[in-house]
Amino acid sequence: MSKIIDGLYYSETHEYVKVEGEMGYVGITDYAQHELGNVVYVDMPEVGDEFEAGDEFGAVESVKAASDLNTPVGGTVEEVNEALEDEPGLINKDAFANWIIKLKLADAGELDGLMDAEAYRKFIGE
Amino acid sequence: MKKTCLHDKHVALGALMSPFGGFDMPIQYAGIVEEHNAVRNAVGVFDVSHMGEVRITGPEAKKYVNHIFTNDINVMKAGDVQYGMMLYPDGGTVDDLLVYKVDENEYFLVINAANIDKDVAWINEQSQGYNVKVDNQSEYYAQLAVQGPEAEKTLLNVLQIDATALTFYTFFTMKCDGEEIIVSRTGYTGEDGFEIYAGHDVIIAMWDKLMAAGVQPCGLGCRDTLRFEVGLPLYGDELSPEISPIVATLGFFVKLDKEEFIGKEACARQKAEGSAKKLVGLELKDKAIPRHGYEVLQGDKVVGYVTTGYRGISVDKSLAMALVDREAGALDNELSVRIRKKVFPAVVVKKKFYKKSYKK
């Protein structure tokens, strides 16, 4: 059974958003990391890049395949998780602790269109 | 979708299953990295029952196999195995395969799963006028590949098969539960190892013994990373009707001094004149991973595409095999690979990224 954390927002493409004030931490869910297998590379954007909700902002790669990353919410990249550059496998160890980008949210109202923990659990059929 | 006789076992083990070559095959069990390392460092077992087997018998078997096969079977003794290709007259590859010499009048061919129908049709067509019998035994045979430095010990201790006398690319047949099985010192991982061909019941029993002994089951995921790191081609990626073995720099397995074989003239011409394209190795300086189909550039010009690429597991580098314009493919040339929106520098290297450890 995948780990799912209450209080986060979830997308149908298996990203989560953890909101702190006007910032949103975006990463992939535990379910997603499990489906991917060993993560060997994370393609991250630059600080200052701007994205709209649904935009592709990078990719997370397992041995076998590359999966696009889509941000569930729009905003400006304030920080990328540089630890993933040296150790992408951190995502397998704890996908929720190891967020990928920190966004300054453009419109907190966009969060309303995302799933909560309970809805996401149903979505992945667990 | 076809299933191997071990399909239920894979599902019960919780393997990630995916279609390959018309079969529903296990891609991974514990994970590609763990399985890959088991084979490099200890031992792992693969269900490769999807592979096809064709037996050629008859007084003209030797002459006929030499006609459709690029390698020179004249030098084979009974009990030898050879690797090579079947080609179209234009040099394009029908398939790459292993040929086992049973005796002068009997050869056992091992072909790729995805190509079974095509190959059998091709082999039958070309056999017109030769006094041979072509028998597609793909449904009868299941196959296990036991690979890794501890493979010999595993065969002996777990399966009671003493294969210590086998040298690289040789085989023997033996009785197992009243059935004749084939054991060869061959594989597709760059490590020492064996391939065992037998009927379904024998293979199922062997699989169960290997699992009970704690041998790591390995999926096609790590089979691909293992073969890639040592520069072995995969039909469909590095060989195809459009890619001849000369283009794939596998000329060693194409014996142009042989009297005749289908595709010989085309290969001789490609070798003499230089083929337009060439398969090369690429090493990236960054960690970004080149994948099948990504563009390879020289300056702003697209000069080819990636055929297979990985972040190496035994080699901590981002690597690719790529089919590029001949001039662009010179060793040490600086090229680049387009990965999503960015372009990453790459240098042309030998495509044996990791050293093979065969027991010769």
Side-chain angles (χ1 to χ4, degrees), chain A residues 1-2 13-15 28 30-52 54-71 77 80-95 98 100-101 124-126, chain B residues 14-20 25-40 218-229 234 237 284-294 306 308-320 337-344:
Chain A
M1 182 110 115
S2 307
T13 46
H14 308 288
E15 291 90 4
I28 65 166
D30 183 55
Y31 173 83
Q33 72 76 19
H34 184 75
E35 290 292 298
L36 275 168
N38 308 99
V39 174
V40 292
Y41 178 69
V42 185
D43 185 0
M44 293 183 283
E46 308 281 335
V47 171
D49 285 356
E50 289 180 33
F51 296 103
E52 288 182 22
D55 280 356
E56 181 190 321
F57 69 90
V60 57
E61 305 210 27
S62 67
V63 175
K64 199 71 203 155
S67 300
D68 291 340
L69 290 165
N70 301 293
T71 177
V77 178
V80 299
N81 185 354
E82 286 173 3
L84 297 175
E85 286 173 8
D86 291 329
E87 210 182 330
L90 286 171
I91 287 184
N92 296 114
K93 285 185 185 147
D94 190 341
N98 293 285
I100 297 169
I101 53 170
I124 61 175
E126 288 187 358
Chain B
L16 171 68
M17 306 294 291
S18 186
F20 182 85
M25 295 297 289
I27 301 304
Q28 62 181 69
Y29 306 81
I32 293 177
V33 174
E34 195 174 334
E35 294 163 29
H36 176 109
N37 288 331
V39 172
R40 285 272 184 262
C218 295
L220 296 187
C222 79
R223 186 168 155 87
D224 203 49
T225 55
L226 288 159
R227 69 92 190 167
F228 167 77
E229 285 184 343
L234 172 65
D237 287 345
L284 276 71
K285 297 179 176 76
D286 297 87
K287 287 186 173 178
I289 305 169
R291 303 283 184 184
H292 177 88
Y294 287 5
V306 170
T308 306
Y310 280 109
R311 180 77 200 170
I313 296 175
S314 306
V315 193
D316 190 23
K317 287 172 182 166
S318 288
L319 304 164
V337 181
R338 191 190 305 283
I339 299 177
R340 288 176 290 277
K341 289 162 193 162
K342 297 177 215 161
V343 169
F344 293 88

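Note: hydrogens, waters and symmetry copies are ignored here, and every other heavy atom, side chains too, is used. To find a chain, count down the sequence lines: A is the first, B the second, and so on, and within it residues start at 1.
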Original post:
Would the number of heavy atoms belonging to other residues, nucleotides or ligands and lying under 6.0 Å from CD of Glu82(A) be above 12?
Top reply: no
Original post:
Thinking salt bridges, do Arg340(B) and Asp68(A) make one under a 4.0 Å N-O criterion?
Top reply: no
Subject >> Side-chain heavy atoms of Lys64(A) within contact of Asp224(B), under 4.5 Å >> reply: yes
Subject >> Side chain / backbone / both / neither for Asp86(A) at chain B, heavy atoms under 4.5 Å >> reply: both
Original post:
So which of Ile289(B), Ile339(B), Asp286(B) actually passes side-chain contact (heavy atoms from CB on, under 4.5 Å) with Tyr41(A)?
Top reply: Ile289(B)
Subject >> Pairwise distance CG(Asn38(A)) to CD(Glu35(B)) - rounded to 0.5 angstrom >> reply: 9.5 Å
Original post:
Looking at Glu85(A), Glu56(A), Glu35(A), Glu61(A), which has the largest count of heavy-atom pairs under 4.5 Å with chain B?
Top reply: Glu61(A)
Original post:
Quick one: of Arg291(B), Gln28(B), Lys287(B), who has the most non-hydrogen atom pairs under 4.5 Å with chain A?
Top reply: Arg291(B)
Subject >> Sorted by number, residues from residues 311-319 of chain B in contact with chain A (heavy atoms, under 4.5 Å) >> reply: Arg311(B), Ile313(B)
Subject >> Sequence-distant partners of His14(A), side chain to side chain donor-acceptor pair (under 3.5 Å), two or more places apart >> reply: Tyr120(A)
**OP:** Run the numbers on Lys342(B) and Asp43(A) for side chain to side chain contact (heavy atoms under 4.5 Å, CB included), then give the verdict.
**Re:** CA-CA 10 Å; Lys342(B) 297 177 215 161; Asp43(A) 185 0; 3.0 Å; yes
